[in-house]
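The structure appears right after this line, and notes come after that.
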Amino acid sequence: MKTYPFFLTLFATITFSSCYSQKEHHSKNPNLKDTFKKSFYIGTAINESQIEEKNTAENTLIVSQFNSITAENIMKSMNIHPQKEKYAFDLSDKFVAFGQKNKMFIHGHTLIWHSQLSPWIAEIKDSTELKNVMKDHISTIVSRYKGKIDSWDVVNEAVNDDGTLRKSVFLETLGEDYLAYAFQLAAKADPNADLYYNDYSMTNPAKREAVIKMVKKIQAKGIKIDGIGMQGHWQLNSPTIDEIEKSILAYSDLGVKVAFTELDISVLPSPWELQGAEISQQFENTPKMNPYPQSLPDSIQEKLAKRYSDIFKLFLKHKDKISRVTFWGVHDGQSWLNDWPIKGRTNYPLLFDAKLKPKKAYYSVINTTKK
Ligand code: XIL
């Protein structure tokens with residue numbers, strides 16, 4: 001029998017076993033999109049640099065984990081329609097091409113919103129002019145991406161937390177009819193796209209009742225509305241699972257889909273009592289309000305993992321009602337919650353850390369599908 005020198009045998013053994021375990025590791029590697037494939041889309045909001053695929057590691061993470069995308073900022077009116085006669089479609093075209101190339105479900109955010117609104121629209125006082133602008137804005141954008149953008153946030157954040165309608169240029173100039181009008185225009189421009197009303201604090205009972213009333217009014221006019229987007233900018237302890245469940249049931253009773261459109265869980269102290277996401281509010285950064293500038297303590301990491309696990313267990317329980325769960329950002333390093341509602345904090349709200357590594361919360365979410 002031929003014998004090989006010891007070091008050669010050792011080398012061959014190590015090489016073989018490391019190749020083998022790498023392959024095995026690869027085929028068993030979990031990812032979010034496949035884990036929830038039979039239940040709902042798993043999406044992420046992507047920023048300008050991610051749309052342009054500037055960072056290879058981020059790009060790999062996006063395409064390997066998510067099967068749906070939302071543009072974090074570039075399709076808001078101040079960016080996409082900066083002047084009356086000028087649309088800026090460069091980035092939104094790239095966003096859509098990115099989604100198509102990666103066979104993703106593409107969500108459009110957002111058509112009618114009081115915030116990040118083009119300044120020239122905010123100044124309109126005449127009702128006929130504002131109606132014409134809404135028509136031009138919605139028809140132009142939705143028809144450009146007809147058959148490509150799968151669903152739209154037609155109206156974002158039109159209801160206050162107390163259930164009254166938000167005072168915006170749209171409400172002040174056109175009255176509440178602007179809501180149905182927006183949906184009517186979007187449906188005409190792309191009859192096959194799913195049309196959503198999207199908002200934060202959607203588990204708050206007063207707001208929930210008001211949103212339900214508003215949707216019923218739109219439905220009573222025979223105008224198409226397909227879904228409710230619950231943003232999901234939540235905290236470690238609030239809202240409760242029970243409040244979220246009640247809301248899923250109440251909204252789906254309208255005969256529409258429910259999507260979680262902007263999910264993130266802040267682990268930092270909140271400077272005010274209410275749990276919303278009113279982006280115009282800013283507070284002062286103090287050490288007390290930014291307790292984990294270097295790293296997240298294990299105990300909080302565990303809490304976040306448990307919170308995400310509880311939430312995803314609920315989502316799975318109601319998967320027949322839920323169309324999509326989208327995280328607001330890809331990783332902690334780029335989350336908007338590092339700058340809102342206090343600038344310059346270090347928050348840890350997502351499933352991947354700033355180095356793009358999966359956190360405990362990632363595995364706890366993946367494990368919710370295991371018996
Ligand atoms: C946020 C973006 O993440 C930030 O980059 C931007 O500065 C402000 O808007 N509700 C929404 C989102 O519908 O569009 C907001 O996104 C977060 C709250």
Side-chain angles (χ1 to χ4, degrees), residues 43-52 58 62 66 68-82 91-92 95 106-119 121-122 141 149 151-161 166 168 170 179 182 195-204 207 211 227-235 239 258-266 268 270-272 274-283 285 324-350 352 354:
T44 184
I46 57 176
N47 62 26
E48 216 174 302
S49 117
Q50 291 160 341
I51 291 170
E52 297 203 305
E58 281 186 6
I62 294 166
F66 303 98
S68 173
I69 47 168
T70 303
E72 185 178 5
N73 284 303
I74 57 113
M75 298 190 79
K76 294 168 178 176
S77 76
M78 64 181 260
N79 297 322
I80 204 170
H81 195 179
L91 282 166
S92 53
F95 164 75
I106 308 176
H107 181 69
H109 176 78
T110 170
L111 296 167
I112 298 293
W113 190 26
H114 69 281
S115 190
Q116 290 175 279
L117 175 66
S118 309
I121 299 182
I141 298 171
I149 288 199
S151 61
W152 282 99
D153 288 333
V154 177
V155 178
N156 197 31
E157 304 179 353
V159 179
N160 293 315
D161 285 0
R166 180 190 292 276
S168 64
F170 304 105
L179 296 161
L195 307 180
Y196 279 75
Y197 174 75
N198 190 53
D199 212 328
Y200 59 80
S201 298
M202 292 286 274
T203 54
N204 169 333
K207 189 155 181 169
V211 169
I228 295 291
M230 298 175 66
Q231 290 185 2
H233 297 294
W234 291 335
Q235 280 76 36
V258 176
F260 291 87
T261 55
E262 305 184 13
L263 185 59
D264 49 24
I265 312 283
S266 173
L268 300 185
S270 167
W272 69 92
L274 99 181
Q275 321 103 6
E278 173 52 60
I279 71 166
S280 61
Q281 289 182 284
Q282 281 287 341
F283 299 84
N285 190 348
R324 174 172 58 93
V325 176
T326 287
F327 292 87
W328 204 241
V330 179
H331 62 88
D332 288 347
Q334 53 124 154
S335 165
W336 76 301
L337 292 177
N338 294 316
D339 286 310
W340 182 89
I342 298 177
K343 271 212 181 339
R345 295 201 293 179
T346 308
N347 211 331
Y348 303 82
L350 298 166
F352 300 93

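Just so you know, ligand 1 is whichever comes first in the structure, and atom 1 is the first atom listed for that ligand. All values below come from the heavy atoms of this structure, side chains included, with hydrogens, waters and symmetry mates left out. Since this is a predicted model, take the numbers as computed values, not measurements.
- Using bins of under 30°, 30° to 60° and over 60° for the plane-to-plane angle, the ring pair Trp340/Trp336 lands in the parallel bin.
- Scanning for salt bridge (Lys or Arg N to Asp or Glu O under 4.0 Å) contacts around Glu52 gives Lys54, Lys94, with sequence neighbours left out.
- Remark: Lys76 engages no residue in a salt bridge (Lys or Arg N to Asp or Glu O under 4.0 Å) (not counting sequence neighbours).
- Listed as neighbours of ligand 1 are Glu72, Asn73, Lys76, His109, Trp113, Gln116, Asn156, Glu157, Gln231, His233, Glu262, Ile279, Trp328, Trp336, each bearing a heavy atom under 4.0 Å from the ligand.
- With Glu72 as the partner, the side-chain contact (heavy atoms from CB on, under 4.5 Å) test is satisfied by one option alone out of Glu48, Glu262, Gln334: Gln334.
- Between the side chains of Arg166 and Ser168, not a single donor N or O lies within less than 3.5 Å of an accepting N or O.
- Among residues two or more places apart in sequence or in another chain, the salt bridge (Lys or Arg N to Asp or Glu O under 4.0 Å) test is passed with Asp153 by none.
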